[in-house]
**Q** 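Handing you a structure now.
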Amino acid sequence: MTETSIQMQNKITELFKIQYPIIQAGMIWASGWRLASAVSNAGGLGIIGAGSMYPEVLREHIQKCQHATHKPFGVNVPMLYPDLKELMEIIVEMGVKIVFTSAGNPKTWTSYFKEKGITVVHVVSSLKFALKSQEAGVDAIVAEGFEAGGHNGRDETTTLTLIPSVKEKVTIPIIAAGGIATGRAMLAAMILGADGVQVGSRFVASREASSHEAFKQKVVEASEGDTHLTLKELAPVRLIKNKFYNDVQAAYARGASIEELKEVLGRARAKRGMFEGDMEEGELEIGQVSALIHDIKPAAQIVVDMMREFEEAKKIVSNL
């Protein structure tokens, strides 16, 4: 790994007190303390994904992350999960300074955290919810396009369209997400109006990600067209096509009701795929950009490579 001495200064690096405006997404079954601390130590902002954690598991991951890095890191909490109040109380109790909320109303918890001096970021997939988040008092937003993996927006607005649309109306810092795995994509997002980027799929294919090795390899093997956004009636999610995905499509073909779709989905399907390694019956959440991911490497190397590509792309653009 070749270190980079670049120090970027903008709204996002100042807000989080980090070296680079690269945020690692808080992904279920992938974003434990090892990944979060590795990204933070490399100069980005590591995020623990609380969505797949019981309260005491989250407490353990925060403790281990605090021992593994002295740099800023955060916790992402999807607000549709159980044990929510207990998770939020643990975050405050453990002294976490940055919280990313998603999949819910930003008004619900923003003031609770802000009163305790915690920086709050909310994840949105539309201009409508970007404005609601700004009104709720968040410090920044993640504007996530249709390309992204995992749970996504119903409107299928792409990152290319979403970022300038949000930039036109919002005054708080914007973090772009969806389809970003390279320094070139990072530069493109910032030219469109973003102040930083959130990267998910690329960090799934890292050595420190807690996801199963079989899933990481599946991501590396993915080609263009191998993912699809489905299950909009429940919670829209982008998946790698496998037997489970085919079962979902077969259910649609026979006109399945919402209850029948819930039955096909079952329980713990994401854990079965991404954490336990069942590549046929498991739910495999990943973004379209998986087609551009060809190897599994250390998280710190991913950060270094993105920044190097970013600087090289800036030179190319300046010569146009």
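Along the sequence shown, residues are numbered consecutively beginning with 1. Because the structure is predicted, anything quoted here is derived from the model rather than measured.
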**Q** Sequence neighbours excluded, which residues qualify as side-chain contact (heavy atoms from CB on, under 4.5 Å) partners of A270?
**A**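 A270 satisfies side-chain contact (heavy atoms from CB on, under 4.5 Å) with I28, W29, M274, E283, E285 only.
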**Q** Any chance you could measure T101, atom OG1, to I91, atom CD1, to the nearest 0.5 Å?
**A**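 The distance works out to 9.5 Å.
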**Q** I'd like to check W33 versus Q63 (side-chain heavy atoms, cut-off strictly below 4.5 Å). Are they in contact?
**A**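 No. Closest side-chain heavy atoms not under 4.5 Å.
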**Q** Using a strict cut-off of less than 4.0 Å between a Lys/Arg side-chain nitrogen and an Asp/Glu carboxylate oxygen, indicate whether R59 and E56 qualify as a salt bridge.
**A**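 The answer is yes: the pair qualifies as a salt bridge.
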**Q** Output every pair passing salt bridge (Lys or Arg N to Asp or Glu O under 4.0 Å) with a member in residues 112-123, not counting sequence neighbours, ordered by first then second residue.
**A**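 Qualifying pairs: K114-D139.
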**Q** Could you measure the distance from the CD1 atom of I175 to the CD1 atom of I141? Nearest 0.5 Å is fine.
**A**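 Rounded to the nearest 0.5 Å, the CD1-CD1 separation comes out at 8.5 Å.
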**Q** Starting at CD1 of I22, measure out to OG of S40 and round the result to the nearest 0.5 Å.
**A**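 I22 CD1 to S40 OG: 12.0 Å, rounded to 0.5 Å.
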**Q** Charged N to carboxylate O under 4.0 angstrom, E156 versus K232?
**A**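 Between K232 and E156 there is a salt bridge, with a charged N closer than 4.0 Å to a carboxylate O.
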**Q** Is E281 close to D247 at the side-chain level, that is, under 4.5 Å between some pair of heavy atoms?
**A**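 Heavy-atom side-chain distance check passes, below 4.5 Å.
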**Q** List for me each residue that meets side-chain contact (heavy atoms from CB on, under 4.5 Å) alongside T157, sequence neighbours excluded, and say none if there are none.
**A**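 Counting only residues at least two positions away or on another chain, T157 forms a side-chain contact (heavy atoms from CB on, under 4.5 Å) with D155, T161, L162.
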**Q** About how many Å separate OG of S37 and NE2 of H61, when rounded to the nearest 0.5 Å?
**A**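 One finds 11.0 Å between NE2 of H61 and OG of S37.
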**Q** Hey, could you give me the NZ/CG distance between K243 and L284, rounded to the nearest 0.5 Å?
**A**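 Reported to 0.5 Å precision, the distance equals 12.5 Å.
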**Q** Counting only heavy atoms from other residues, nucleotides and ligands, does the tally under 6.0 Å from CZ of R269 exceed 12?
**A**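 Correct, the count exceeds 12.
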**Q** With a 4.5 Å cut-off on side-chain heavy atoms, are L234 and L261 touching?
**A**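 They are in contact (side-chain heavy atoms under 4.5 Å apart), so the answer is yes.
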**Q** Would you say M79 and S102 make side-chain contact, with heavy atoms under 4.5 Å?
**A**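 Side-chain contact under 4.5 Å: no.
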**Q** Using the test ring-ring contact (aromatic ring centres under 6.0 Å, His included), find all partners of Y252 that sit at least two apart in sequence or belong to another chain.
**A**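 If we apply the ring-ring contact (aromatic ring centres under 6.0 Å, His included) test to Y252, skipping adjacent residues, there are no hits.
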**Q** Look at K132 together with E135 and state whether they make a salt bridge at an N to O cut-off of under 4.0 Å.
**A**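 Salt bridge absent between K132 and E135.
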**Q** Starting from I286, can I reach V237 by hopping between I/L/V/M/F/W/Y residues whose side chains sit under 4.5 Å apart?
**A**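 No: no chain of side-chain contacts under 4.5 Å links V237 to I286.
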**Q** Checking side-chain hydrogen bond (donor to acceptor under 3.5 Å, both in side chains) between K64 and each of E60, H67, Q66, which is the one that passes?
**A**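 By the side-chain hydrogen bond (donor to acceptor under 3.5 Å, both in side chains) criterion, K64 pairs with just one of E60, H67, Q66: E60.
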**Q** Answer whether the closest heavy-atom distance between the side chains of S210 and R34 falls below 4.5 Å.
**A**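 SC-SC contact between S210 and R34 ruled out.
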**Q** V96, I90: one ILVMFWY side-chain cluster at the under-4.5 Å cut-off?
**A**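 Result: yes, single cluster for both.
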**Q** Mind listing the closest non-hydrogen atom pair of F16 and V121 along with its distance?
**A**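 In terms of heavy atoms, the two residues are closest at CZ-CG2, 3.7 Å.
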**Q** Test D195 against every option in K11, E14, M190 by the side-chain contact (heavy atoms from CB on, under 4.5 Å) rule and name the one that passes.
**A**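 Option passing the side-chain contact (heavy atoms from CB on, under 4.5 Å) with D195: K11.
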**Q** Are the side chains of V39 and L45 in touch, meaning some heavy atoms are under 4.5 Å apart?
**A**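 They are not in side-chain contact.
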**Q** Would you call D278 and R272 a salt bridge, using N to O less than 4.0 angstrom?
**A**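 R272 and D278: salt-bridged.
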**Q** Look up atom CD1 in I180 and atom CE in M186, then write down how far apart they are to the nearest 0.5 Å.
**A**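 I180 atom CD1 to M186 atom CE measures 9.0 Å (nearest 0.5 Å).
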**Q** Is the backbone of M279 close enough, under 3.5 Å, to the side chain of N242 for a donor and an acceptor to pair up by distance?
**A**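 Checked: pair present.
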**Q** Should the pair Y112 and W109 be assigned to parallel (<30°), tilted (30 to 60°) or perpendicular (>60°) ring geometry?
**A**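 If you compare the ring of Y112 with that of W109, the planes turn out perpendicular.
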**Q** Let me check something: do M27 and V289 share a hydrophobic cluster, defined by ILVMFWY side-chain heavy atoms less than 4.5 Å apart, either directly or through other members?
**A**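 As far as the 4.5 Å side-chain criterion goes, V289 and M27 are connected within one cluster.
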**Q** Can a donor-acceptor pair be found, under 3.5 Å and without considering hydrogens, that links the side chain of K169 to the backbone of A130?
**A**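 Not confirmed, K169 side chain does not pair with A130 backbone.
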**Q** Run the numbers on V264 and E260 for side-chain contact (heavy atoms from CB on, under 4.5 Å), then give the verdict.
**A** CA-CA 6 Å; V264 172; E260 288 173 303; 5.7 Å; no
**Q** Just to verify, what does K297 make a side-chain contact (heavy atoms from CB on, under 4.5 Å) with, not counting sequence neighbours?
**A**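 Scan of K297 (side-chain contact (heavy atoms from CB on, under 4.5 Å), adjacent residues dropped) gives R202, D295, Q301, I302, D305.
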**Q** Quick one: which residue pairs count as a ring pair (Phe, Tyr, Trp, His ring centres under 6.0 Å) with a foot in residues 179-207, not counting sequence neighbours?
**A**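 Qualifying pairs: none.
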**Q** Do the non-hydrogen side-chain atoms of V124 and V142 ever get within less than 4.5 Å of each other?
**A**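 In short, these two side chains do not touch, never coming nearer than 4.5 Å.
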**Q** Distance-only check: which donor-acceptor pairs under 3.5 Å involve side-chain atoms of residues 312-320, not counting sequence neighbours?
**A**
| unit_1 | atom_1 | unit_2 | atom_2 | d |
| --- | --- | --- | --- | --- |
| S318 | OG | K314 | O | 3.4 |
| S318 | OG | K315 | O | 2.7 |
| N319 | ND2 | K315 | O | 3.1 |

**Q** Can you find a pair of side-chain heavy atoms, one from F100 and one from Q198, that are under 4.5 Å apart?
**A**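 Yes, at least one pair of side-chain atoms sits under 4.5 Å.
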**Q** If Ile, Leu, Val, Met, Phe, Trp and Tyr residues are connected whenever their side-chain heavy atoms lie under 4.5 Å apart, and connections chain through other members, are Y20 and I98 in the same group?
**A**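 The answer is no; the residues belong to distinct hydrophobic clusters.
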**Q** E221 vs K218, test: salt bridge (Lys or Arg N to Asp or Glu O under 4.0 Å). Steps then yes/no.
**A** CA-CA 5 Å; E221 293 169 357; K218 193 78 170 178; 5.4 Å; no
**Q** May I ask you to decide whether E147 forms a salt bridge with R238, counting only side-chain N to carboxylate O separations under 4.0 Å?
**A**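 No, E147 and R238 are not salt-bridged.
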**Q** Return the set of residues passing side-chain hydrogen bond (donor to acceptor under 3.5 Å, both in side chains) with T171 (not counting sequence neighbours), or none when no residue passes.
**A**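 In terms of side-chain hydrogen bond (donor to acceptor under 3.5 Å, both in side chains), with neighbours along the sequence ignored, T171 is linked to Q134.
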**Q** Please list all pairs meeting ring pair (Phe, Tyr, Trp, His ring centres under 6.0 Å) that have one or both residues in residues 212-243, counting only residues at least two apart or in different chains.
**A**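 Sorted pair list: H228-Y245.
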**Q** Going by the ring pair (Phe, Tyr, Trp, His ring centres under 6.0 Å) test, which pairs reach into residues 133-175, not counting sequence neighbours?
**A**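 Qualifying pairs: none.
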**Q** List the steps and the verdict of side-chain contact (heavy atoms from CB on, under 4.5 Å) for F113 and M88.
**A** CA-CA 9 Å; F113 287 124; M88 299 309 203; 3.3 Å; yes
**Q** When clusters are formed from ILVMFWY side-chain contacts under 4.5 Å, directly or step by step, what else is grouped with V220?
**A**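 Cluster partners of V220: I296.
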**Q** I'd like to check the side-chain contact (heavy atoms from CB on, under 4.5 Å) partners of L192; sequence neighbours left out, ordered by chain and number.
**A**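 L192: side-chain contact (heavy atoms from CB on, under 4.5 Å) contacts with L160, I163, P164.
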**Q** Can you hop from M53 to V75 via hydrophobic side chains spaced under 4.5 Å?
**A**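 Cluster IDs for M53 and V75 match.
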